[in-house]
Amino acid sequence: MTLSSLSSTQPEACIFTICTKSYIGLANALGASLRDRGVEAEYVIVIVDHDISDVLVPYGRLVSAKEICGYSTADWAQRTFKYDVVELCTSIKARCFQVLFAAGVEKVIYFDPDIIVYDDLNGVFAELDDHDVLVTPHRLSYSSDMPARGGVFNIGFLGACRGMATDRVMKWWDARLEDRSTSDPMRGFFTDQKWLDHLPVLMRDGRLMVSGHPGMNLAPWNIDERTLERRGDQWFVALREHEAEAQPLSFVHYSAFNYRMLAEGKDDERTLEIVVKMPEFAELSKVLARHLKEGRFLDYASIRYEFSSFSDGRTILQGHRRIFSRLMEMGEQFPEPFSADGGYYRLLKRNRLLTPPGSAAGQKIRGAALDSKVGRAAKLLDMLSWFTVRLLGFARFTQLSKLLVRYFHTNNHVRLVRRDGKPIDVEYF
């Protein structure tokens with residue numbers, strides 16, 4: 001990517017987000033909030049889909065992820081196959097920072113597309129005058145007992161300024177996201193985010209700023225530790241049972257809301273849950289709904305994710321992606337993994353690992369339907385476990401359980417592939 005890809009003049013500051021075409025409506029909502037608050041920064045929307053010629057945005061500049069990151073066609077095919085949509089978008093984050101710094105931008109902020117900005121971000125950019133990297137923890141309260149499976153910091157926001165220390169961190173981060181941007185808490189990985197738990201070690205001597213500002217990254221996971229109040233036209237946030245003065249609301253992270261329902265003018269379940277804890281949040285939910293409608297979220301939401309299926313329409317499951325990754329690690333090459341005429345597809349077909357044509361396999365199940373399925377499966381497994389304990393004894397059952405938890409992990413689905421030569425080891429972790 002060259003400087004001309006960004007702007008006719010070299011920008012001092014840049015804000016970027018990464019998404020699919022189906023989430024353009026969210027990226028537009030973020031862009032509208034930047035406009036409304038008078039944020040002085042270039043806005044770049046990085047799209048992971050191949051063809052972006054049919055998409056127009058009212059705010060910011062659209063760029064192709066493959067082009068901005070400089071991946072070859074073969075490398076991009078492997079990356080888009082081995083990672084699911086969330087893993088893919090997060091895997092290129094460090095590379096985007098590097099490219100923007102190389103283009104001459106001094107200060108860069110990354111926002112997830114599901115964020116809405118409520119101030120001019122001058123305070124955020126000012127922090128980057130004295131620090132190389134700025135992060136926000138998931139929670140700030142001493143009473144927090146939230147497991148850190150997703151990492152200490154929420155990297156739906158990340159601020160950084162150009163410099164040698166930042167460059168070293170970004171290179172280190174990007175190298176790890178090459179093959180380990182997986183969402184796999186059991187093995188200690190959570191996309192790009194968990195890696196940055198290392199930041200306090202990598203950035204010493206005060207170059208890292210861990211923000212304690214309660215108005216930055218207000219989100220579902222920290223609602224219960226904060227209070228929200230309106231003073232005139234401005235919102236303020238404070239920590240509950242804390243002596244510190246309330247701070248202006250800077251940005252809200254609307255993670256895992258039902259954006260379709262909100263765009264249709266309906267209250268979603270996530271909003272209703274939060275309003276019970278923080279009634280004032282109902283007004284912030286209306287702000288998101290208005291921006292989603294203005295950003296034409298419903299017009300884009302139905303666009304199918306380009307890398308979710310093989311060329312014949314069969315659904316690609318997470319197991320298919322993990323098998324592919326394990327085989328690639330072993331040195332095998334599959335140059336066209338999406339092709340129904342390619343070697344990888346034929347390998348899956350030969351081992352009866354493909355989904356049936358037209359199958360809804362891989363679709364997410366939520367709410368009551370998920371509870372019902374889990375309940376039925378649990379009853380069956382309870383009976384099987386009871387029988388196994390009687391047969392083997394509890395001590396051996398415990399040992400077997402430890403093995404099976406790992407054996408049935410998707411990284412070991414590769415053992416379902418019959419191959420000539422050396423057997424594939426169980427990845428025990």
Do side-chain atoms of [X] reach the backbone of [Y] as a donor and acceptor pair under 3.5 angstrom?
{"X": "Asn222", "Y": "Asn217", "value": "yes"}
{"X": "Gln193", "Y": "Ile155", "value": "yes"}
{"X": "Asn154", "Y": "His138", "value": "no"}
{"X": "Glu12", "Y": "Glu106", "value": "no"}
{"X": "His291", "Y": "Leu288", "value": "no"}
{"X": "Glu306", "Y": "Asp49", "value": "no"}
{"X": "Tyr43", "Y": "Leu34", "value": "no"}
{"X": "Arg162", "Y": "Asp167", "value": "no"}
{"X": "Asp120", "Y": "Gly38", "value": "no"}
{"X": "His253", "Y": "Ser255", "value": "no"}

Check [Y] with [X], please: is the shortest side-chain N to carboxylate O separation under 4.0 Å?
{"X": "Lys107", "Y": "Glu40", "answer": "no"}
{"X": "Asp224", "Y": "Arg139", "answer": "yes"}
{"X": "Glu225", "Y": "Arg240", "answer": "no"}
{"X": "Arg61", "Y": "Glu42", "answer": "yes"}
{"X": "Glu329", "Y": "Arg180", "answer": "yes"}

task: Show your working on side-chain contact (heavy atoms from CB on, under 4.5 Å) between Arg226 and Leu140 and close with a plain yes or no.
output: CA-CA 9 Å; Arg226 304 184 192 190; Leu140 295 170; 3.5 Å; yes

Closest non-hydrogen atom pair between [X] and [Y], with its separation:
{"X": "Ser64", "Y": "Ile52", "result": "N-CD1, 3.7 Å"}
{"X": "His320", "Y": "Leu353", "result": "NE2-O, 2.6 Å"}
{"X": "Thr166", "Y": "Cys161", "result": "OG1-O, 2.8 Å"}
{"X": "Tyr300", "Y": "Asn28", "result": "CE1-ND2, 4.2 Å"}
{"X": "Leu158", "Y": "Leu196", "result": "CD2-CD1, 4.2 Å"}
{"X": "Phe338", "Y": "Thr80", "result": "CE1-OG1, 3.4 Å"}

Quick one: side-chain hydrogen bond (donor to acceptor under 3.5 Å, both in side chains) partners of [X], sequence neighbours excluded?
{"X": "Asp312", "value": "Arg314, Tyr345"}
{"X": "Arg35", "value": "Tyr59, Glu294"}
{"X": "Asp192", "value": "Lys93"}
{"X": "Asp179", "value": "Lys82"}

Within a reach of under 6.0 Å around [atom1] of [X], are more than 12 heavy atoms found that belong to other residues, nucleotides or ligands?
{"X": "Arg352", "atom1": "CZ", "value": "no"}
{"X": "Glu336", "atom1": "CD", "value": "no"}
{"X": "Glu178", "atom1": "CD", "value": "yes"}

Name the orientation class of the two ring planes belonging to [X] and [Y] (parallel below 30°, tilted from 30 to 60°, perpendicular beyond 60°).
{"X": "Phe97", "Y": "Trp173", "answer": "tilted"}
{"X": "Phe281", "Y": "Tyr254", "answer": "tilted"}
{"X": "Phe307", "Y": "Tyr305", "answer": "perpendicular"}

query: Checking side-chain contact (heavy atoms from CB on, under 4.5 Å) for the pair Cys96/Cys69: CA distance, chi angles, key distance, verdict?
result: CA-CA 6 Å; Cys96 289; Cys69 294; 4.1 Å; yes

[X] side chain near [Y] side chain, heavy-atom distance below 4.5 Å:
{"X": "Phe16", "Y": "Val63", "result": "no"}
{"X": "Phe101", "Y": "Gln98", "result": "no"}
{"X": "Val135", "Y": "Leu199", "result": "yes"}
{"X": "Cys14", "Y": "Val44", "result": "yes"}
{"X": "Ile24", "Y": "Leu62", "result": "yes"}
{"X": "Phe190", "Y": "Ser183", "result": "yes"}
{"X": "Thr90", "Y": "Trp195", "result": "no"}
{"X": "Leu228", "Y": "Trp235", "result": "yes"}

Just verifying a value: how many Å separate [X] [atom1] and [Y] [atom2], rounded to the nearest 0.5 Å?
{"X": "Tyr83", "Y": "Leu177", "atom1": "OH", "atom2": "CG", "value": "6.5 Å"}
{"X": "Arg37", "Y": "Asn122", "atom1": "CZ", "atom2": "CG", "value": "13.0 Å"}
{"X": "Lys402", "Y": "Phe397", "atom1": "NZ", "atom2": "CZ", "value": "12.5 Å"}
{"X": "Ile109", "Y": "Leu121", "atom1": "CD1", "atom2": "CG", "value": "5.5 Å"}

- request: Test Met216 against Val124 for side-chain contact (heavy atoms from CB on, under 4.5 Å), laying out the working first.
  value: CA-CA 9 Å; Met216 291 175 59; Val124 177; 4.1 Å; yes

field: Contacts of Phe324 that satisfy ring pair (Phe, Tyr, Trp, His ring centres under 6.0 Å) - sequence neighbours left out
entry: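 Expected list: Phe81, Tyr344.
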
- prompt: Will you find, in the side chains of Ser285 and Thr271, an N or O donor that is under 3.5 Å from an N or O acceptor?
  reply: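 Their side chains do contain a donor-acceptor pair, which is all the 3.5 Å distance test asks for.
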
- prompt: Just one of Arg415, His409, His413 clears the side chain to side chain contact (heavy atoms under 4.5 Å, CB included) bar with Asn411, so which one?
  reply: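 Of the listed options, the one satisfying the test is His409.
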
message: Here's a test for you: under side chain to side chain contact (heavy atoms under 4.5 Å, CB included), which of Ile47, Val46, Leu88 qualifies with Ile18?
response: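 Single side chain to side chain contact (heavy atoms under 4.5 Å, CB included) partner of Ile18 among Ile47, Val46, Leu88: Val46.
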
Side chain to side chain donor-acceptor pair (under 3.5 Å) evaluation trace for Asp119 with Ser250: CA-CA 5 Å; Asp119 73 1; Ser250 184; 3.3 Å; yes

query: Would Phe157 and Phe111 count as a close aromatic pair, with their ring centres under 6.0 Å?
result: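 Yes, ring centres under 6.0 Å apart.
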
- prompt: What do the steps show when you test Thr182 against Arg322 for side-chain contact (heavy atoms from CB on, under 4.5 Å), and what is the final call?
  reply: CA-CA 9 Å; Thr182 53; Arg322 296 298 184 257; 3.8 Å; yes

query: For residues 375-385, which residue pairs qualify under side-chain hydrogen bond (donor to acceptor under 3.5 Å, both in side chains), counting only residues two or more places apart or in two chains?
result: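 Only Ser372-Arg376 qualify under side-chain hydrogen bond (donor to acceptor under 3.5 Å, both in side chains).
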
